[in-house]
Structure formats: structure tokens, C-alpha cells
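Here is the naming used below: chain letters follow the sequence lines, and residue numbers restart at 1 for every chain.
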4 protein chains.
Amino acid sequence: MAPIVSEEYKRKKKKEILAGALACFAKKGFQAATIDDIVAYSGISKGAIYNYFKSKEEIYLELLNEQTESANARLEENISMLSSAEEKLEYLFDLYRDMSPFSQERKDRITVQLEFTLHSSRDENLNRILNERGKKFFLKLITDIMEDGQIAGEFRPDADPNHVAGLFWTFMDGAMLHRAINEEYPYRTIIDYVKNLVLQDLKKE
Amino acid sequence: MAPIVSEEYKRKKKKEILAGALACFAKKGFQAATIDDIVAYSGISKGAIYNYFKSKEEIYLELLNEQTESANARLEENISMLSSAEEKLEYLFDLYRDMSPFSQERKDRITVQLEFTLHSSRDENLNRILNERGKKFFLKLITDIMEDGQIAGEFRPDADPNHVAGLFWTFMDGAMLHRAINEEYPYRTIIDYVKNLVLQDLKKE
Amino acid sequence: MAPIVSEEYKRKKKKEILAGALACFAKKGFQAATIDDIVAYSGISKGAIYNYFKSKEEIYLELLNEQTESANARLEENISMLSSAEEKLEYLFDLYRDMSPFSQERKDRITVQLEFTLHSSRDENLNRILNERGKKFFLKLITDIMEDGQIAGEFRPDADPNHVAGLFWTFMDGAMLHRAINEEYPYRTIIDYVKNLVLQDLKKE
Amino acid sequence: MAPIVSEEYKRKKKKEILAGALACFAKKGFQAATIDDIVAYSGISKGAIYNYFKSKEEIYLELLNEQTESANARLEENISMLSSAEEKLEYLFDLYRDMSPFSQERKDRITVQLEFTLHSSRDENLNRILNERGKKFFLKLITDIMEDGQIAGEFRPDADPNHVAGLFWTFMDGAMLHRAINEEYPYRTIIDYVKNLVLQDLKKE
DNA sequence: GATGAATGAGATTTCATTCAT
DNA sequence: AATGAATGAAATCTCATTCAT
């Protein structure tokens with residue numbers, strides 16, 4: 001007999017639960033948000049939620065996964081059509097710059113994302129996975145651009161790609177943090193400032 | 001009933017409780033840490049804790065206060081003896097750079113501090129207080145240096161002190177975040193890199 | 001809606017469900033076994049199970065029925081071909097004795113059977129039914145033999161058939177209980193011991 | 001500082017909880033009785049119960065312990081003052097015989113005790129412990145008497161003490177089971193019947 | 001008739017806070 | 001003031017039963 005509901009349906013349902021959970025985590029924080037909150041928010045019954053996820057922890061892990069993956073996919077796609085390394089780097093700065101003005105939803109997402117990251121730092125295993133993924137996806141995104149730029153002679157050859165990559169994400173995480181907690185933080189201007197500092201440095205001979 | 005113990009005694013007791021609480025929050029996170037954990041860590045009884053603090057929330061707020069204040073006092077004191085703006089700015093960069101290698105305790109403190117900040121972003125009132133304090137203490141620390149440096153002709157006059165200050169703290173928070181979650185993050189090198197970028201930019205004519 | 005499947009089919013399906021349920025009850029106990037366990041064991045879907053049984057309780061009652069009936073049918077059939085009362089009584093002792101060594105499945109059945117009996121003692125109605133059935137089937141089995149034996153002069157006439165019957169089942173239930181919970185219990189030897197005591201007593205003049 | 005409450009107080013409280021739990025288990029069965037039942041029955045709050053016991057399972061284990069221990073203590077004490085082996089054995093039979101007529105409370109206790117025993121058979125570890133304890137306390141009680149009786153020439157020397165002991169408990173458990181589930185079971189008469197069979201057998205030359 | 005996803009009452013357990021000693 | 005036992009609201013999770021497909 002055919003399965004009662006399609007895989008498609010199940011995927012959609014999972015998405016709905018995750019969306020509701022994310023909204024709740026955003027509004028209250030991961031620990032403070034309760035399953036009942038998620039029920040109220042998503043309109044999906046408690047039992048149903050537990051049909052799709054073994055525990056609240058699992059929901060959190062799945063969200064963690066989902067966020068990194070979708071962020072990464074978005075970034076890689078957008079970059080692939082540009083040709084010069086400088087354009088690519090500039091594009092990344094501009095991409096993050098142009099997120100502002102932040103919608104409440106984006107602010108919430110960022111807050112949750114940062115909370116997730118900090119929370120994960122207490123679980124050795126999780127921490128390792130996140131760091132590996134960070135290295136593989138986010139750092140690599142920049143180091144690849146750097147290496148291309150150095151081969152093409154766009155960037156000075158003695159710049160360490162890893163340090164530039166580290167600087168980029170250090171700075172972006174800091175900027176998003178400040179923007180999330182402070183309405184008046186001059187997010188766009190500061191990103192442009194850093195972009196100029198970095199690009200000028202890389203193009204020095 | 002007239003107080004039987006001295007103010008001094010009370011202050012000491014509060015300190016002990018706060019120290020235990022910080023350790024718990026660091027190890028487990030604010031929400032996950034229980035009053036019983038604090039009892040276990042501080043060696044002070046549950047009832048006594050409630051004699052000194054109205055609630056777990058209040059302990060958390062007091063810790064928040066304590067941290068910013070002590071950090072700020074430390075910074076201002078250390079800076080006051082330096083004379084040139086460049087030295088002061090460099091000193092600040094070096095101060096944060098030389099925090100590394102992080103002790104477990106410092107890592108814990110930073111994690112908690114960041115969690116506090118994020119958590120606070122959900123409470124409008126708290127958020128306002130934190131931002132004002134940030135402006136008054138941390139941003140001002142840098143803008144004062146910037147203005148001195150510009151008056152003294154050390155820094156180019158068209159640099160916006162607010163932006164430099166914003167950049168500094170954005171970057172430091174980002175760096176501490178990354179260092180807290182990633183053992184292999186090249187914290188010192190990246191701070192030096194940024195220090196050079198910023199100082200060279202400010203000293204440009 | 002007119003029934004679409006044969007009675008035969010239905011009976012078979014019910015049997016399958018009951019077999020799965022018995023296995024689950026045996027492994028986990030009646031309360032602890034879930035409908036999902038029965039689904040897993042029987043391979044029959046949850047919905048289908050509820051097509052055949054109104055509730056988990058009903059499954060349990062049906063199993064109870066089934067067990068007593070089949071046990072009784074087996075006993076009566078086997079006994080009917082023997083002629084002397086002594087042979088019959090001896091046959092019953094031997095029948096139970098030769099159940100050992102117990103297969104895991106038989107041990108499970110016995111455990112469940114005993115649990116059922118105890119559980120039933122809390123439901124007045126159920127308790128009455130079980131006791132009546134016990135009297136009608138199990139006690140009667142022995143009292144009939146006793147009476148035949150007394151009429152035939154095999155057994156001493158002043159033995160009370162009811163007491164002998166009571167002793168027999170008291171003892172058998174105790175022996176099965178001990179055997180079910182204790183691998184090392186000398187089941188066969190003890191049954192033989194009791195058989196001899198009882199038969200010698202009955203054959204005394 | 002002195003402890004807030006005495007050890008005596010704590011012990012008393014634990015006893016109260018256990019008494020309430022036993023009553024609930026007796027009334028509804030171990031699995032079916034809820035913590036809320038125990039709260040309602042004992043008048044002790046849910047939180048307090050969890051201050052004394054880690055889990056419902058632990059309450060059950062403690063009860064199990066308590067029952068065997070107290071039963072054993074009672075038996076040994078009562079027997080120690082008798083001198084001949086025959087008297088002792090007879091005393092044990094009479095002790096169990098004279099439990100009847102059973103109070104509702106005793107019936108409940110017995111039902112729970114048997115349920116516990118059956119339930120424990122599913123946990124290998126627990127099962128081992130119970131069997132060892134059974135061997136050490138209950139079987140030994142009888143085998144010791146038997147050996148004394150054989151040395152003193154009261155009992156025939158070729159009777160196997162282990163088998164007599166097994167028979168005794170097999171029979172007593174069976175009798176209590178039947179008595180617990182059947183009001184009309186001729187408990188006293190059957191025990192006397194068995195007592196006579198056994199004693200006569202043992203005294204045969 | 002069969003399926004298994006959905007439901008939600010109810011179970012166990014936790015924990016911030018209170019309060020008698 | 002200090003203690004830690006008591007409280008009970010609230011959290012997480014389970015599972016018998018229903019019902020749309």
C-alpha cells in the first residue's frame with residue numbers, strides 16, 4: 001500500500017515545525033522557548049512535533065544544520081558568476097552590508113544563530129563539527145578567492161589567505177552582533193570602512 | 001531588625017555568590033544553571049542566596065553590571081598613564097591581543113558575557129541600559145583617544161572617531177567570539193593585522 | 001458496509017494481532033507494552049488493530065480468554081483417553097513436569113498469565129469471571145478425577161476432592177512462578193516429590 | 001550549623017512516602033499508580049517525594065528491599081525461640097496459615113509483592129539479586145531447619161533439604177496467590193493438608 | 001479495510017522560590 | 001542570618017486512540 005503521505009508532505013511539515021521553532025527561539029531564546037510555545041506558534045500539535053523530532057535538542061540541531069547550509073549555498077551561488085577576485089571579495093562585503101536595514105526577523109535569526117554557536121561551544125562534539133564546517137565552508141570561501149587573486153596578481157602575494165579569511169568573518173560576526181543588539185550601530189558605514197581598509201591593503205604592492 | 005553583620009561582610013558574601021554563579025553560568029549557560037548549581041559552586045546555602053538576591057535574574061543582572069564596570073575601570077586606569085593617542089590605541093589592541101592564550105576561566109567569562117549581551121537584546125529596558133553604558137564607557141574610551149589624536153595631529157582629521165570606535169569594538173567582540181568557540185583561531189595574528197591596518201590608516205595624511 | 005473479507009480472514013488476522021500482543025506483553029509487561037510495540041511485533045498497522053479490537057484492554061481480555069480456553073481444551077483432551085483416576089492424576093502432574101525445560105516463549109507466557117491474573121484481581125467483575133472459570137474448568141478437572149477415583153475405590157473416600165484440587169493448582173501455580181523467575185529452581189524434582197506425596201496419601205487406606 | 005532536620009525525621013518521611021506508594025501500588029498496580037496518586041495518598045508534595053527518591057523506579061526498588069527484609073527479620077525472630085526442628089517447621093506452616101483471614105491491606109501487599117517479583121524477572125540484574133536473596137534468606141531458613149532435624153534424628157536423613165525448602169515456598173507463594181485472587185479459596189485447610197503431608201513424610205523411617 | 005499521521009490528556013521530572021526551624 | 005526541606009507550577013515527553021486518505 002502506498003505511503004499515507006508523500007515524502008514531500010513530510011518535508012514540508014518538518015519545515016513548518018522548524019520555522020515555528022526558529023521564531024520561538026528568536027523571540028525567547030533557545031532555552032526559554034518551550035515546546036508549548038512551538039505548538040502555539042506553529043499550530044502543530046505536540047505529538048506531531050515529536051513524530052518528526054526525537055527531542056527539543058534535535059530540533060535545535062536540525063536548525064543549526066539548516067542555517068549553515070542555506071547560508072553557504074546562498075553565498076557560493078552568488079559568488080560563482082563573478083570573475084575577478086577583487087569583485088568577489090567586494091561582493092561579499094556588499095552582500096553583508098546590504099542586509100541592513102535589518103528586518104526584525106533577520107535580527108532574530110542572527111541573535112539565535114549567535115546563541116546557537118555559543119551554546120554549542122559547551123558540547124565538545126558539536127563544537128568540533130561546527131568548527132570543521134566553518135573551516136570547510138566559510139573560511140574556504142575567502143581563502144579560495146584570496147588564492148585566485150594572488151595567482152592573478154590582483155592581491156599582494158605575501159598576504160596570508162587564512163588571516164584575511166579570519167579577519168573577514170571575525171568582523172562580520174562582530175558587526176552582526178552589534179547590529180542585532182544596537183539599533184544605532186552604523187553598520188553600513190563600518191562595513192564599508194573595513195572593506196576599504198582590507199582591499200587597499202591587499203592591492204598594495 | 002537591625003543589621004547584625006557589617007556591610008563589609010555582606011559585600012564579601014555577595015562576591016562569593018557571584019563568583020559561584022559566574023562559574024555555573026559559564027559551565028552550563030545562564031538558563032541551564034540552577035540555583036542548586038550555584039549552591040554547590042559557591043558553598044552558600046540556598047536560603048542565604050535568597051537573602052542577598054531577590055531572584056536568579058537579579059544575580060544575572062548584578063554579574064552583568066560587575067563585569068562591565070570592572071572591565072571599564074581596568075581599561076581606563078591602564079590607559080591614563082600613556083601620553084600619545086597612538087600609544088593608547090596601540091595599547092588597547094595589545095591589551096586584548098595579550099589576553100591570549102585564554103585560560104578556561106577567561107573563555108568561560110567571555111562566553112557568558114556574550115550570552116548575556118544577546119539575552120539582553122530581548123529586554124528593551126535592559127537593552128537600552130547596556131547600549132547607553134556601551135556608548136558612555138566603551139565607545140567613549142576610543143572616541144576620546146581619537147579626538148586627542150586628531151587635535152595633536154597624530155591622526156588624520158577626517159577620520160570619524162565614532163566609526164573607528166565602532167570598528168574597534170566590533171572587531172574585538174568578533175575576535176573574542178571566535179577565540180571562545182575555536183581553539184585554532186589565530187587570535188593574536190589577526191588582532192595585529194587589524195591594528196596595523198587601522199593605525200596606518202589613521203596616520204595617513 | 002457489507003463485510004468484504006471472510007470470517008476466516010478476520011479470525012486469522014486477530015490471531016496474528018494476539019500473537020504479537022502476547023510477545024510484547026511477555027517482553028515488557030502489559031502496562032509497559034505499547035500499541036506501537038504490538039504494531040512492530042505483529043506487523044499489522046495501528047489502524048488495523050483498532051479495526052479488530054476496541055482497545056488495548058480488549059486485546060488483553062481476549063488473550064486471557066484464549067489462554068484459559070486453549071489450556072483447558074488441551075488438558076481435557078489429553079485426559080479423556082486414560083481410564084484410571086490415578087493414571088489421570090499422574091498424567092496431569094507429569095504433563096506439567098514435562099513442560100520443563102521451559103522455552104523462553106513458555107516462560108514469557110507464564111509470566112504474562114500470572115500478571116494477568118494478579119491484574120485482574122483489581123477488577124471485581126473480571127475477578128469473578130476468572131474465579132468462576134477456574135472453578136468450572138480447572139478445579140472441576142481434578143474434582144471429577146477425584147470422585148471417579150473414590151467411586152472406583154482407588155482413592156481413600158475421606159479425601160476432600162476440593163482440597164486436593166486446590167492443592168494441585170496452588171502448587172502448580174507456585175511452581176510455574178518459581179520456575180519463571182529462577183533458572184535454578186528444581187522444578188521437575190519438586191513436582192515429582194509432590195506427586196508422590198499426594199498419590200501416596202490418596203491411596204492410603 | 002546543625003542539620004535542619006534530624007536523620008530520624010528523614011527516615012520517618014521516607015517511610016511515609018513508601019507507605020503511601022505501597023498503598024497506591026496495591027490499589028492500582030505498580031505501573032498504573034502515578035506519582036500524583038502517591039501525592040494524593042500520602043499528602044506529601046511531588047517535589048518532596050523527589051527529594052527523597054530519584055525516580056518512581058527507585059521507590060519501587062526500595063519497597064522491594066524493605067519487604068523482603070522485614071519479612072525475613074520477622075520470620076527469623078519468631079523461629080529462634082523454638083527448639084525442635086519439627087516445631088520450627090510446624091510453626092512456619094502455622095504462621096502462614098494464621099495470616100488468614102486476610103485483611104484487605106494484607107491482600108494488597110501480597111498482590112504487589114507478587115507483581116514486583118514478576119516485574120523484576122524482566123530485569124536481569126534485579127532478578128539475580130532477588131534470587132540470591134531468596135536463596136540466602138528464605139531457602140536457607142528451611143534448609144537450616146531440615147539439617148538440624150536430620151542431625152537430631154527427627155527427620156529422615158535421605159530427604160533433600162533443598163527440595164523441601166523449594167516445596168515449602170512454592171506452595172506458600174501459590175497459596176497466597178490463590179488467596180489474594182479468590183475469596184473462597186480454602187487457604188487454611190489446604191495449608192494444614194500440606195503441612196501434614198510434609199511432616200508425615202519427613203518423620204517416616 | 002488498511003494505513004500511519006495527528007491529537008492532547010496525562011505521565012514523570014525539574015527547579016525557582018518560600019519558609020519553618 | 002543561615003539552612004535546606006517543602007512546594008507546585010511548568011517543562012519535556014509518551015502513547016492510546018482517532019480519522020483523513
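Within the 4.0 angstrom heavy-atom criterion, no nucleotide atom of any strand lies near B/F53. Across all strands, B/A32 comes closer than 4.0 Å to no nucleic acid atom at all (heavy-atom distances). As judged by a 4.0 angstrom heavy-atom cut-off over every strand, B/K13 is placed among residues touching the sugar-phosphate backbone only. Nucleic acid contact class of A/T34 (heavy atoms, under 4.0 Å, all strands): sugar-phosphate only. Among the heavy atoms of the strands lying under 4.0 Å from B/K46 is at least one base atom, whether or not backbone atoms are also near.
Comparing D/G47 and D/K10 by the nucleotide of DNA chain F whose heavy atom lies nearest to each, the residue mapping closer to the 5' end is D/K10. With DNA chain F read from its 5' end, the first of the two nearest nucleotides for A/E57 and D/A48 is the one closest to D/A48. Nearest-nucleotide positions on DNA chain E for C/I49 and B/I35 put C/I49 closer to the 5' end. Comparing C/I44 and D/A33 by the nucleotide of DNA chain E that holds the closest heavy atom to each, the one mapping nearer the 5' end is C/I44.
For the pair A/I59 CD1 and F/dC13 C1', the interatomic distance rounds to 12 Å; values are reported in whole Å. Distance B/I38 CD1 to E/dA16 C1': 11 Å, rounded to the nearest Å. Rounded to an integer number of Å, the gap from B/K54 NZ to E/dT18 P is 11 Å. Rounded to an integer number of Å, the gap from OH of A/Y52 to C1' of F/dC13 is 18 Å. Distance A/Q31 CD to E/dC15 P: 10 Å, rounded to the nearest Å. In this structure, A/Y60 places its OH atom 20 Å from P of F/dA11, rounding to the nearest Å. The distance between atom CD of D/E7 and atom P of F/dA5, rounded to the nearest whole Å, is 9 Å. Atom P of nucleotide F/dA10 and atom NZ of A/K56 are separated by 15 Å, given to the nearest angstrom.
Checked by atom type, the side-chain pair C/N131/C/R128 shows no donor-acceptor distance below 3.5 Å.
In this structure, D/F30 has its ring center closer than 6.0 angstrom to the ring center of D/Y60.
Distances shorter than 4.0 Å separate none of the side-chain N or O atoms of A/Y9 from OP1 or OP2 on F/dA20. The phosphate of F/dA6 has neither OP1 nor OP2 within less than 4.0 Å of any side-chain N or O from D/Y50. Between E/dA5 and A/N51, no contact under 4.0 Å exists linking OP1 or OP2 to a side-chain N or O.
Comparing E/dA6, E/dA16, E/dA2 against the side chain of A/S45 picks out E/dA6 as the nearest.
Here E/dT3 sits opposite F/dA20 as a Watson-Crick or G-U wobble pair (both hydrogen-bonding atom distances under 3.5 Å).
Relative to the six-membered ring of D/F53, D/K14 meets both conditions, a distance below 6.0 Å and an angle of at most 45° to the axis. For the pair A/K10 and A/Y52, the NZ or CZ position fails the cation-pi test of under 6.0 Å to the six-membered ring centre and within 45 degrees of the ring normal.
Not a single donor-acceptor pair under 3.5 Å links the side chain of A/E62 to the backbone N or O of A/E58. A donor-acceptor distance shorter than 3.5 angstrom exists from the side chain of A/N127 to the backbone of B/I181, with no hydrogens or angles considered.
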